[in-house]
Amino acid sequence: MMRILIVEDDRELAAALDDALRYEGYATSLATTGVEALKILAGTNVDIMLLDRDLPVLSGDAVMATVAANRIPVAVIMLTAAADPTDVIKTTIYSLRRKLADREAIVSTRGEGYRLQ
């Protein structure tokens, strides 16, 4: 079973994503901070990380830098509410999605994955 880590500080959005992905048959874990996400990644095999870019304390960009520097093998879909997300670290991100509650758009991304080597 594919494991997905949802990293989102908006608890309502995180719960909606969690519900939608579990409904589709995925195993999920939740983190509300970048620090929590890195702890989960250090101790659990995760296939995909849905990562909010604008996290408090440790941003999504900082989490991505840590993932890349430590060559953590996880595909990343970064979520952002930014109007112009073109300045995101694109070389280490599998997909960039605007935040939304439409589970079809998130679930449809499966199967297109990229894993850091």
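In what follows, residues are counted from 1 in the order of the sequence shown.
Within the 3.5 Å criterion, the main-chain N or O of Ile72 finds no donor-acceptor partner in the side chain of Asn70. At distances below 3.5 Å, not a single donor-acceptor pair connects side-chain atoms of Arg53 with backbone N or O atoms of Ser59. Checked by atom type and distance alone, the side chain of Glu8 pairs as donor or acceptor with a backbone atom of Asp10 at under 3.5 Å.
Considering CD1 of Ile6 and CG of Asp18, their distance stands at 4.5 Å, rounded to 0.5 Å. Rounding to the nearest 0.5 Å places OG1 of Thr66 at 5.0 Å from CG of Leu38. Atom CE of Met49 sits about 5.0 Å away from atom CG of Leu41, to the nearest 0.5 Å.
At least one side-chain heavy atom of Ile48 sits under 4.5 Å from a side-chain heavy atom of Ile77. With contacts defined as side-chain heavy-atom distances shorter than 4.5 Å, the pair Leu51/Leu79 does not qualify.
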Under the side chain to side chain contact (heavy atoms under 4.5 Å, CB included) criterion, do Leu50 and Leu5 qualify, and how do the steps go? CA-CA 6 Å; Leu50 296 179; Leu5 172 58; over 6 Å; no
Subject >> Derivation and outcome, side chain to side chain contact (heavy atoms under 4.5 Å, CB included), residues Leu30 and Glu36 >> reply: CA-CA 9 Å; Leu30 294 171; Glu36 286 177 30; over 6 Å; no
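Residues forming a side chain to side chain contact (heavy atoms under 4.5 Å, CB included) with Arg3 (at least two apart in sequence, or on another chain): Ala27, Ser29, Thr44, Asp47. Remark: Asp19 engages no residue in a side chain to side chain contact (heavy atoms under 4.5 Å, CB included) (not counting sequence neighbours).
Asp9 and Thr32 share no side-chain donor-acceptor pair at under 3.5 Å.
Here the closest heavy-atom approach between residue Ala37 and residue Ala31 is recorded as N-CB, 3.7 Å. Residues Thr33 and Val7 approach most closely at O-CG1, 3.8 Å, considering heavy atoms. The heavy-atom pair separating Tyr26 from Met1 by the smallest distance is C-SD, 3.9 Å.
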